[in-house]
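If you're wondering where the values come from, they're calculated on a predicted model, not measured in any experiment.
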Amino acid sequence: MADIINKLFVYLHYPFVQYALIAGVLIALCSSLLGVTLVLKRFSFIGDGLSHVAFGAMAIATVMKLTNEMVIILPVTVIAAILLLAGSKNRKIKGDASIAMISVGSLAIGYLIMNVFPGSSNVSGDVCSTLFGSTSILTLSKLDVWLCVALSIVVIAIFIVFYNKIFAVTFDEGFAKATGTNAGAYNFLIAVVIAVIIVLAMNLVGSLLISALVIFPALSAMRVFKNFKSVIICSAVFSVLCAALGIIISILMSTPVGSTIVAIDIIGFIIFSVIGAIKK
């Protein structure tokens with residue numbers, strides 16, 4: 001045990017580990033805040049859909065050999081979030097159908113582009129790294145970390161400033177409209193913010209595992225707490241601890257970062273479910 005602790009302290013002196021922890025904690029925090037709202041609105045899988053859109057956009061950016069992939073990924077993902085929101089209000093294409101359509105289409109097109117116009121000799125490795133995160137969180141530059149910090153501050157500030165409106169739209173959108181709240185505008189705001197979070201989270205857990213960051217903390221907190229504010233706080237603490245623990249374990253054990261974080265989330269969910277059952 002002492003050897004593991006000493007090894008951990010040695011690793012913590014490396015900048016790449018510090019960058020990974022800072023980015024991982026901030027991404028997990030932002031994901032947990034919006035995750036509660038998405039779960040309660042029965043729109044949890046928007047994370048899946050947007051992550052696949054981001055994968056397709058990343059494939060395009062890779063083919064174009066852009067030095068800053070965010071120039072393509074972020075605006076495309078935000079536009080997709082808005083389209084998904086509009087699709088959920090369309091009687092012909094319901095929310096789950098529109099998510100499935102955009103999700104599968106983006107994933108297929110992204111993979112096709114990466115094969116037709118390969119950016120490297122190891123296409124399978126590139127795809128696997130993008131889908132499952134691999135170790136990209138451990139290769140962040142100082143610029144990447146500052147960008148993550150700036151976007152995270154914006155997301156947290158938006159959530160705090162518009163907390164009451166988000167609360168109203170989450171629980172009873174019809175009543176919120178009746179009281180004069182522009183529910184459409186706040187749904188639009190939620191969609192844009194979750195798109196930003198998805199783009200940030202791609203480096204942490206990969207495209208296929210992003211929904212875990214959104215869903216598990218919220219569902220775990222709901223096993224124990226029933227008050228909205230308590231669920232938000234518990235979800236945030238749960239998500240941050242799981243992300244930090246997952247990153248540390250992955251570094252010490254040489255396991256994939258994204259998969260390790262999700263495994264910790266699952267263990268945490270089981271523990272909270274047992275606690276919730278005991279409370280009842």
Side-chain angles (χ1 to χ4, degrees), residues 4 7-36 47 50-51 54-55 58 69-70 73-74 77 128-157 159 193-221 232-269:
I4 294 176
K7 186 178 180 181
L8 175 60
F9 277 113
V10 170
Y11 275 123
L12 288 175
H13 284 89
Y14 290 105
F16 75 91
V17 175
Q18 297 169 6
Y19 293 162
L21 285 171
I22 292 170
V25 165
L26 288 175
I27 292 167
L29 176 59
C30 293
S31 300
S32 65
L33 295 179
L34 270 296
V36 175
L50 293 180
S51 65
F55 170 78
M58 181 175 283
E69 295 178 341
M70 284 284 190
I73 299 172
L74 191 56
T77 309
C128 185
S129 175
T130 305
L131 293 180
F132 294 100
S134 186
T135 57
S136 53
I137 188 67
L138 301 177
T139 58
L140 296 176
S141 66
K142 186 176 289 187
L143 179 62
D144 293 329
V145 175
W146 278 113
L147 179 62
C148 180
V149 169
L151 290 176
S152 298
I153 289 173
V154 171
V155 169
I156 295 168
F159 186 84
V193 171
I194 196 63
V196 173
I197 293 171
I198 295 303
V199 173
L200 290 176
M202 282 189 69
N203 278 333
L204 183 61
V205 295
S207 296
L208 292 184
L209 303 177
I210 286 174
S211 286
L213 289 183
V214 175
I215 297 171
F216 276 112
L219 291 180
S220 300
I232 288 286
I233 294 172
C234 178
S235 175
V237 174
F238 177 95
S239 186
V240 166
L241 289 177
C242 287
L245 187 60
I247 292 171
I248 290 171
I249 291 175
S250 70
I251 292 171
L252 293 175
M253 307 297 292
S254 299
T255 56
V257 179
S259 302
T260 307
I261 292 174
V262 175
I264 299 297
D265 278 331
I266 294 171
I267 294 170
F269 174 75

Rounded distance (nearest 0.5 Å) linking atom [atom1] of [X] with atom [atom2] of [Y]:
X: Ser220; Y: Ile267; atom1: OG; atom2: CD1; result: 11.5 Å
X: Ile264; Y: Ser259; atom1: CD1; atom2: OG; result: 11.5 Å
X: Ile27; Y: Ile261; atom1: CD1; atom2: CD1; result: 8.5 Å
X: Thr260; Y: Ile251; atom1: OG1; atom2: CD1; result: 10.0 Å

Where at least one partner belongs to residues 235-258, residue pairs that pass ring pair (Phe, Tyr, Trp, His ring centres under 6.0 Å), sequence neighbours excluded |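 Only Phe238-Phe272 qualify under ring pair (Phe, Tyr, Trp, His ring centres under 6.0 Å).
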So, for [X] and [Y], which heavy atoms are closest and what is the spacing to 0.1 Å?
X: Phe159; Y: Leu33; answer: CE1-O, 3.6 Å
X: Ile249; Y: Thr255; answer: O-OG1, 4.1 Å
X: Ala244; Y: Leu21; answer: O-CD2, 4.1 Å
X: Ile247; Y: Ala20; answer: CD1-O, 3.4 Å
X: Ile197; Y: Cys30; answer: CD1-O, 3.3 Å
X: Asp265; Y: Phe216; answer: CB-CB, 3.9 Å

Who are the side chain to side chain contact (heavy atoms under 4.5 Å, CB included) partners of Ser239, not counting sequence neighbours?
->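 For Ser239, the residues satisfying side chain to side chain contact (heavy atoms under 4.5 Å, CB included) (neighbours in sequence not counted) are Ala28, Ser32, Pro217.
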What residues, two or more places apart in sequence or in another chain, satisfy side chain to side chain donor-acceptor pair (under 3.5 Å) together with Ser152?
->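 Side chain to side chain donor-acceptor pair (under 3.5 Å) check on Ser152 returns nothing, list empty.
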So which of Leu74, Val154, Thr77 actually passes side chain to side chain contact (heavy atoms under 4.5 Å, CB included) with Val196?
->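 Looking at Leu74, Val154, Thr77, the match for Val196 under the side chain to side chain contact (heavy atoms under 4.5 Å, CB included) is Leu74.
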